[in-house]
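The block underneath contains the structure these notes are about, expressed in structure tokens.
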Amino acid sequence: MTTYVDQLINKEYIDIPKYSPKDFKADIDVRWCAGCGGFSILAQVQRIMPDLGVPKEKISFVSGIGCSSRFPYYMNVYGFHGIHGRALAIASGLKVARPDLSVWVATGDGDCMSIGGNHLIHTCRRNVDINVIMFNNEIYSLTKGQASPLSKVGQKTKSSPLGLLDDPFNPTSLVLGSGASFVARGYDKDPGQLKYLFERAAKHKGFAFVEVYTNCVIFNDGAFEEYTRRETKFESTIMLEHGKPLIFGEKHNKGIKMDGYRPVVVDLDDGIHSVNDLIVHNEQDSTLALILSDMSFMEGLPRPMGVIQAIERPTYDEKVTWQIEHEIEVKGQPDIQKLLKGSDSWEIN
Amino acid sequence: MTTYVDQLINKEYIDIPKYSPKDFKADIDVRWCAGCGGFSILAQVQRIMPDLGVPKEKISFVSGIGCSSRFPYYMNVYGFHGIHGRALAIASGLKVARPDLSVWVATGDGDCMSIGGNHLIHTCRRNVDINVIMFNNEIYSLTKGQASPLSKVGQKTKSSPLGLLDDPFNPTSLVLGSGASFVARGYDKDPGQLKYLFERAAKHKGFAFVEVYTNCVIFNDGAFEEYTRRETKFESTIMLEHGKPLIFGEKHNKGIKMDGYRPVVVDLDDGIHSVNDLIVHNEQDSTLALILSDMSFMEGLPRPMGVIQAIERPTYDEKVTWQIEHEIEVKGQPDIQKLLKGSDSWEIN
Amino acid sequence: MEKQIIELEAATIRFAGDSGDGMQLTGTQFSDTSAGLGNEVNTFPDYPSEIRAPEGTLYGVSAYQVHFGNRKTNTPGDEIDVLVAMNASSLKVNLKHVRKNGIIIANKAGFKDKNLKLAKYEVSPLEDGSLQNYQVFAYDINEMVRNILQDSGLSTKDVDRTKNLFALGLAYCLFDRPLAATEKWLTKKFGKKPEILEANLKVLREGFNFASENQDMIVRYHIKPANLEKGTYRNITGNEAVALGLVTAANRANMPLFLGSYPITPATEILHHISGYKQYGVKHMQMEDEIGGITSAIGAAYGGALAVTTTSGPGLSLKVEAMGLAVILELPLVIVDVQRAGPSTGLPTKPEQSDLYIAMWGRHGEAPMPVLAATSSTNCFEMTVEAVRLALKYMTPVILLTDGYLAQGSEAWKVPDVNTIPEIKVNFATNPEGFAPYNRDPETQARMWAIPGTPGLEHRIGGLEKENGSGLVSHDPMNHQRMCEIREAKVANIANDIPPVTVDGPESGDLLVVSWGSTHGAIKNALYSLRQKGHEVSHVSLNYINPLPRNLEEVMRRFKRILVPEMNLGQLKTLLQAKYLIPIIGYHKIQGNTFTSKEIEYKIEQLLSEKEN
Amino acid sequence: MEKQIIELEAATIRFAGDSGDGMQLTGTQFSDTSAGLGNEVNTFPDYPSEIRAPEGTLYGVSAYQVHFGNRKTNTPGDEIDVLVAMNASSLKVNLKHVRKNGIIIANKAGFKDKNLKLAKYEVSPLEDGSLQNYQVFAYDINEMVRNILQDSGLSTKDVDRTKNLFALGLAYCLFDRPLAATEKWLTKKFGKKPEILEANLKVLREGFNFASENQDMIVRYHIKPANLEKGTYRNITGNEAVALGLVTAANRANMPLFLGSYPITPATEILHHISGYKQYGVKHMQMEDEIGGITSAIGAAYGGALAVTTTSGPGLSLKVEAMGLAVILELPLVIVDVQRAGPSTGLPTKPEQSDLYIAMWGRHGEAPMPVLAATSSTNCFEMTVEAVRLALKYMTPVILLTDGYLAQGSEAWKVPDVNTIPEIKVNFATNPEGFAPYNRDPETQARMWAIPGTPGLEHRIGGLEKENGSGLVSHDPMNHQRMCEIREAKVANIANDIPPVTVDGPESGDLLVVSWGSTHGAIKNALYSLRQKGHEVSHVSLNYINPLPRNLEEVMRRFKRILVPEMNLGQLKTLLQAKYLIPIIGYHKIQGNTFTSKEIEYKIEQLLSEKEN
Ligand SMILES: Cc1ncc(C[n+]2csc(CCOP(=O)(O)OP(=O)(O)O)c2C)c(N)n1
Ligand SMILES: Cc1ncc(C[n+]2csc(CCOP(=O)(O)OP(=O)(O)O)c2C)c(N)n1
Ligand code: SF4
Ligand code: SF4
Ligand SMILES: [Mg+2]
Ligand SMILES: [Mg+2]
């Protein structure tokens with residue numbers, strides 16, 4: 001007897017309706033502050049949904065607690081506003097129970113990397129097929145302005161009025177070190193790239209982590225200005241493209257090469273260096289990914305944006321399904337009565 | 001008025017007694033199984049204690065729960081057998097409250113990297129000056145044989161009788177990705193190197209993480225045989241030494257060089273390669289550390305043993321002290337009465 | 001023009017407007033001024049859970065209420081005498097609390113079509129006669145301030161921002177209060193921006209003048225100073241009182257203070273305050289989660305610090321396992337839980353008293369712990385010091401319960417002289433002779449406290465059951481029973497070290513109201529009013545919940561009926577019935593806000609009349 | 001030689017030795033053989049918390065006890081009739097439980113000087129006359145098996161390892177049991193190692209023969225088969241019963257099963273079993289911690305699985321926050337807590353009943369939840385199915401309490417016919433018309449369950465308070481009160497859907513014993529014995545704790561006195577007193593083991609005699 005859940009899992013879709021982004025807007029006011037970076041993320045997520053190739057009812061958004069974690073309320077799909085830090089564990093259970101769903105997690109830098117840190121690293125390791133969007137505003141916003149594990153050393157926040165002592169995580173290094181298979185970074189003010197990254201994350205079979213620099217106009221306004229402002233962004237960031245050399249700068253005249261095991265900036269106009277010296281990005285090279293991520297936090301080096309790594313390996317949820325199929329293949333269809341009886345029973349007559 | 005704690009913190013030691021390892025043995029039977037790898041760790045820790053330059057009463061061992069976490073009972077210093085997964089948070093509070101202490105944590109692969117994962121990564125990031133010895137036996141022993149996050153894919157354990165589906169962490173990558181300042185690896189059957197690594201960890205100002213491959217004779221016997229058996233260990237491991245090229249093999253005829261951004265094995269006898277091609281280990285190069293750690297889990301490459309990284313930066317606990325000193329310097333000696341009065345009081349007469 | 005002066009015992013004013021309208025600031029100024037005049041003062045800020053809700057919406061209304069009087073005010077007041085409504089939504093949301101014939105000062109500029117629509121009014125309430133039961137004074141304050149500042153050179157945006165000060169000036173006039181304190185405060189705040197300062201002062205004064213010259217507003221209220229003890233006073237919220245209580249207690253115990261915490265509304269301000277006290281040698285760690293918060297504190301306690309962790313409901317739930325560890329370790333630890341409405345995330349910005357169960361019983365195994373509760377914002381200070389005293393004296397974790405209402409509301413507080421607060425004695429073990437970590441003080445049953453760094457006392461402790469005395473791990477059955485009983489008796493025995501309850505009202509009779517925590521104030525006011533009507537009702541207000549004061553049972557037995565009003569579904573009721581087998585009449589309000597005095601009054605009158613039938 | 005046959009109703013044998021002596025296996029064999037003969041059987045393994053404690057030590061003793069009889073045995077037995085002691089330590093540790101005149105079979109080889117020293121004996125108890133109150137049979141079993149196997153070619157180590165089978169053979173002879181079942185089992189186990197098999201069979205038989213020919217051992221005990229229902233039987237531990245109950249319930253509900261868990265003694269075996277059931281489509285995740293265990297289960301429940309999480313005390317403490325989430329989400333979830341001795345790590349391998357408080361009240365906010373308790377190892381199966389039924393029918397998390405004693409002890413279990421277990425109906429919402437996620441079933445108050453994948457029912461839920469019906473986030477005060485009351489009423493209402501309590505004994509009278517969970521068995525045996533002495537005492541055994549069965553109060557009121565024995569300091573007592581205001585006589589044993597029947601019997605006799613005075 002197939003269960004209702006099995007029916008849903010196995011349902012075949014002949015033609016999925018043609019959606020527009022509007023179909024994914026929930027009928028509710030978005031309660032973020034005017035100017036919040038979240039709006040840009042929401043718009044891009046809603047833009048890519050129609051083309052996922054997934055019927056609306058098969059999409060689920062899970063979140064924790066925070067301004068960012070209000071996200072599911074704004075999406076007209078299945079939504080689960082969880083508790084602080086637990087979105088990824090909830091989503092893991094959901095995805096394993098329901099591999100047919102497209103499972104997304106919206107989370108903040110605190111929700112994801114502070115209280116949720118343990119679930120994050122283990123979900124990376126297991127490679128559960130979940131798409132995570134981490135709204136990084138380098139602050140706790142919903143609770144009105146305390147330091148997050150991504151806040152800067154020395155930063156004055158409500159919980160560090162005399163200057164923050166903690167060193168922050170390098171968030172992409174953390175997830176790479178934990179075994180994440182897809183890692184990318186974008187920012188709220190570049191909607192085109194965001195859209196691309198969300199599409200890539202959706203397509204990636206396995207755990208996909210997208211960090212988004214998200215301006216909080218109230219509690220940490222301008223935290224990412226250096227990387228997003230027209231005047232500075234060309235020098236302070238580098239856009240990664242698979243197969244392309246690492247070139248940056250407003251005039252495309254700077255590059256990154258390896259000096260021993262360390263990346264350094266070279267001037268392409270210095271008559272000494274050429275494009276051939278430069279690192280060529282390869283999304284499938286795990287060591288390169290570590291180098292690029294590590295470089296993000298190095299003084300004098302631009303911050304890589306885009307897809308840092310995209311390496312597929314079997315996902316946890318599909319392995320669960322395979323193991324069940326394999327067991328049934330080997331041992332036959334289940335017989336509960338036999339299970340109850342066990343191997344050492346006796347009869348009383 | 002100085003507090004009793006202040007007196008302890010500020011106490012000066014003219015001469016510390018000459019200890020022998022025996023002074024650090026607690027008067028209690030060690031309740032590990034005969035042959036447990038833990039004995040080797042215990043012996044080496046007791047051996048290095050006399051030379052720490054720290055009076056016995058200033059040493060504290062903290063642990064969680066597990067076979068390995070019984071460790072503090074066996075040391076005749078201050079000991080705290082905590083709850084599962086929380087050793088590092090307990091130790092952080094202890095070290096911040098008591099920067100005068102030499103604080104050590106004994107933990108298992110489950111205690112440290114499963115339930116304790118969040119405290120681990122945050123303690124790495126903050127760089128609290130704690131020395132961590134992680135007894136990695138790739139299994140939950142105290143609970144009698146379930147998979148740990150370091151168990152191997154496909155491994156049959158009590159909780160994965162049909163084969164484990166989870167991909168394990170690469171533990172050194174996890175801590176490096178989290179910002180650990182000192183990272184090393186040794187194994188129970190090489191006591192000499194263990195002693196060296198513990199000494200180095202003790203000397204390192206900041207968070208020091210030593211992973212020790214620890215054989216559990218009962219629930220995961222032989223898990224590390226490849227790396228510890230005479231017949232295979234020379235080909236399957238490489239001993240890192242600062243400033244030395246990466247050479248390994250029973251006949252010292254193999255080396256590791258970089259091929260692009262990836263480490264590869266070269267044959268030093270092939271007439272093509274020489275020592276000059278090889279990576280030279282540098283404990284202070286964070287990128288190299290990532291490469292070496294990543295290489296640990298790569299097919300065909302030897303597993304690095306020894307100090308993978310040792311980079312000092314200010315510790316969290318000393319920054320706390322500095323901030324207090326700075327505040328007193330700037331604002332003067334504290335006056336509680338003034339604090340209570342606040343800035344907006346009024347008088348009623 | 002002659003004004004009609006009305007003498008009042010107490011009054012309540014509420015400033016309400018959009019989140020951006022500066023109502024919190026306006027309310028604070030009014031409160032400070034009143035307190036400075038010698039009034040008793042209680043305040044409560046009431047703001048949306050959204051950070052910046054969209055302008056003009058119903059859920060974006062932000063308000064600040066001030067209750068002030070010549071006698072103890074006890075609560076921020078349940079009925080509003082004067083409502084300042086800066087827009088239509090703020091009127092809509094607050095009108096139901098304005099007393100009949102109360103005054104409404106409305107800013108007409110906030111009642112345009114757009115505002116009405118957002119407030120879901122069809123017609124302007126200022127025009128449709130629906131406010132006939134109130135005294136309404138509606139002016140276009142935006143226009144007025146633009147006129148006042150037309151030559152100031154300030155931008156319209158800056159000009160419009162001063163409108164709250166116009167309203168404040170008006171309110172000052174209405175209640176016959178001087179401008180001086182606010183003028184001084186403005187001068188301090190805008191000292192470096194003279195044009196802004198000038199504009200603000202001008203608007204404030206013009207507001208006052210407008211009211212004093214206005215023909216319609218002929219009534220003036222006058223409230224005499226309260227009969228306050230001499231001394232230095234300040235306003236204090238419950239959260240700040242806890243923070244200051246901790247620093248003070250650490251000082252009295254001559255111990256370093258350590259706070260391990262994680263932000264959570266409405267407890268976070270304790271962390272904010274403490275994190276600014278570095279000058280006082282206070283250490284704090286904002287940990288990765290609440291489990292880290294409490295376990296780092298336990299580590300610090302082990303190291304000899306006065307260790308504290310602060311949180312609210314969801315965080316308390318996460319600390320449960322570690323609280324059990326603290327119990328078996330018998331280490332001193334103060335756990336402050338600022339209660340909010342649950343279950344789960346619930347109504348995170350709203351107060352509730354529903355963490356009593358978890359505080360009493362929320363741990364696996366037998367893990368008893370003293371539970372204290374603060375009854376007012378200022379009482380938070382005293383109970384914090386008391387929690388520290390008990391934790392240190394009895395070597396035990398102690399839970400202090402406050403709630404969002406006490407935590408964020410404020411009261412005028414007589415600043416105590418630190419030296420009059422009793423010293424807290426702590427005896428660290430230092431003598432190796434005969435030392436064992438679970439040797440106990442024969443009187444308190446507190447175990448010895450030996451901290452790392454003390455030569456010769458090296459020992460091991462942990463979460464496994466340990467032998468009484470030696471502290472060695474023990475699986476001995478009788479020892480376990482004994483240790484469980486000792487831990488329970490140690491806490492129960494604290495009953496001999498805390499004040500017996502006192503009865504407010506007759507010592508025996510028909511009806512006794514028993515309350516705990518923040519319902520205190522509303523009940524006090526209800527009884528005040530009932531007594532004026534000639535009813536004799538008694539009240540016991542509990543600060544100690546575990547153990548209960550030793551005379552409580554006897555006191556309760558002197559009454560025929562016991563009423564327990566709680567902001568939950570009957571948690572103290574469960575406890576009292578279980579302990580004393582005395583039937584309790586529960587009165588359960590669980591609506592994300594406290595009881596009003598009127599509600600209590602009504603409930604009691606109902607009970608009294610039932611009796612008469 | 002003629003043997004003296006003694007007919008017994010029941011007997012208790014305990015096999016005790018070093019951890020490496022194979023006592024668990026020996027005991028299991030004895031139990032299986034007895035059960036196969038048609039006896040009622042209860043067993044309990046008792047092993048050290050160390051994995052491999054050092055040889056010969058007191059704390060390294062491992063034992064397995066079997067209680068078997070021709071009537072319901074109920075417990076593993078409190079007094080030992082026959083103790084097999086393979087070394088000095090095992091005698092020392094277990095002697096106090098051997099009844100007067102009981103039999104002790106001792107392996108002399110385990111009483112050498114080294115053993116005596118480790119067991120802290122000055123002189124050998126086999127020689128100093130201290131065992132005169134027992135029938136002692138001491139032989140050098142090591143030597144005997146070496147003789148028996150001298151030509152086997154096996155190593156001494158392998159030879160020595162067979163000594164437990166010699167003892168088993170002896171025991172079989174003593175109790176007149178056949179060897180066939182164990183022979184069969186050995187054959188299956190060592191089929192591939194014929195020399196080992198041969199040796200084992202030989203030693204087993206020689207043990208039997210030795211006893212039958214031995215001049216001293218003239219007594220034989222005979223225990224008739226019990227009057228068991230016809231059917232298929234097996235031994236089952238409480239943990240396996242839970243695992244099988246879950247799979248069965250999932251089958252009856254036609255739902256996929258999902259377990260999110262984290263290992264912890266003594267609950268881990270549930271995870272072990274479930275993780276082997278892949279063939280049955282069961283999914284499980286061993287999560288990183290207990291919080292992940294429960295939250296992954298909540299995620300799976302949201303996705304439409306029958307979701308379960310299993311743990312013991314410390315793990316339950318960690319799940320507290322997420323349990324509150326499940327309450328407000330109103331999603332079905334089964335939480336199994338296998339209780340062990342706390343607080344904190346406590347005595348991790350020992351049973352206790354001290355998680356009742358946390359199960360009832362251990363959540364912030366008002367977060368009521370049904371609480372069930374299993375009373376025996378086999379009852380774990382039924383109560384698991386029942387927990388699933390209630391969770392699914394009422395859309396609520398349900399806690400099932402078992403304990404280490406039930407979990408690891410085993411009983412003979414009549415395997416049920418799956419098809420006789422009632423189907424569990426689950427109605428997923430599928431119709432978009434008028435759908436709202438918090439619309440409720442008028443009878444059960446269960447909300448609608450709409451799961452992802454269902455077209456047209458897209459909606460959002462979460463931990464914030466929500467409007468009844470629509471499920472939209474709501475800060476409305478009255479809605480919050482209503483929702484809190486609905487959640488409470490929904491659970492309370494389950495009282496109408498569970499069986500009323502039945503009284504074992506007279507329906508009214510002087511003394512009623514009320515118990516919950518695993519104390520059931522000891523009380524049953526005590527009452528059996530008391531009745532034989534002519535005492536009329538009644539007993540109510542609770543499977544349902546929240547809500548309590550609807551007739552319980554009335555039943556209790558029919559008795560003058562109520563005794564509640566619990567393995568804690570009075571947790572059910574607190575609950576009953578709070579609910580019914582009926583005074584309870586508590587009897588609190590908290591020693592890491594259960595009550596013996598004798599203790600209960602004695603306590604009751606004492607109460608009865610007090611009455612007589
Ligand atoms: C268990 C628990 N602890 C703490 C909180 C309080 N809390 C809510 S959101 C939050 C942090 C939010 O920061 P982030 O995840 O960065 O989200 P943002 O608001 O910045 O988008 C905290 C501490 C909570 N709700 N639950
Ligand atoms: C909160 C909690 N969860 C689970 C347990 C059970 N437990 C004790 S030790 C352990 C794992 C031990 O594994 P590891 O840390 O690798 O230590 P080892 O025994 O292998 O040295 C577990 C799951 C516990 N004591 N507390
Ligand atoms: S407070 Fe910050 S993060 Fe939150 S909604 Fe406003 S701008 Fe966005
Ligand atoms: S079970 Fe394994 S880890 Fe534990 S003491 Fe024995 S050998 Fe060591
Ligand atoms: Mg944030
Ligand atoms: Mg381990």
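Atoms considered below: every heavy atom in the structure, side chains included; atoms not considered: hydrogens, waters and symmetry mates. Lettering follows sequence order; numbering is per chain, from 1.
The aromatic rings of A:W32 and A:F71 are tilted relative to each other, their planes meeting at an angle between 30° and 60°. In this structure, A:F224 and A:Y213 have parallel ring planes: the angle between them is below the 30° cut-off, well short of the 60° mark. Between C:Y262 and A:H84, the ring-plane angle classifies as tilted under the 30° and 60° cut-offs. The aromatic rings of C:Y277 and C:Y280 sit perpendicular to each other, their planes meeting at more than 60°, with 30° as the lower class boundary.
Listed by sequence position, C:H284, C:Q286, C:M287, C:E288, C:D289, C:E290 are the residues of residues 282-296 of chain C in contact with chain A, using a 4.5 angstrom heavy-atom cutoff. Among residues 111-126 of chain A, the residues having any heavy atom closer than 4.5 Å to a heavy atom of chain C are, in sequence order, A:S114, A:I115.
Salt bridge C:K350/C:D46: present, at least one basic N to carboxylate O contact under 4.0 Å. A salt bridge between A:E225 and A:K189 is absent, with no side-chain N of the basic residue lying under 4.0 Å from a carboxylate O of the acidic one. Using a 4.0 Å cut-off between a side-chain N of Lys or Arg and a carboxylate O of Asp or Glu, C:E352 and C:R340 do not qualify as a salt bridge.
Of the inter-residue distances, the one linking C:K92 atom NZ with C:N115 atom CG reads 13.0 Å to the nearest 0.5 angstrom.
With respect to chain C, the highest number of heavy-atom pairs below 4.5 Å among A:A147, A:G85, A:A34, A:C67 belongs to A:A147. Chain A forms more heavy-atom pairs under 4.5 Å with one residue of C:P263, C:G60, C:S19, C:P314 than with any other, namely C:P263.
At a threshold of 4.5 Å between non-hydrogen side-chain atoms, the residues A:W104 and A:I133 count as touching.
Around the CZ atom of A:R303, the shell of radius 6.0 Å holds more than 12 heavy atoms that belong to other residues, nucleotides or ligands.
For C:T43 (side chain) and C:S410 (main-chain N/O), a donor-acceptor pair under 3.5 Å exists by modelled atom type.
Neither the backbone nor the side chain of A:T157 comes within less than 4.5 Å of any heavy atom in chain C. Interface residue A:I65: only side-chain heavy atoms are found under 4.5 Å from chain C.
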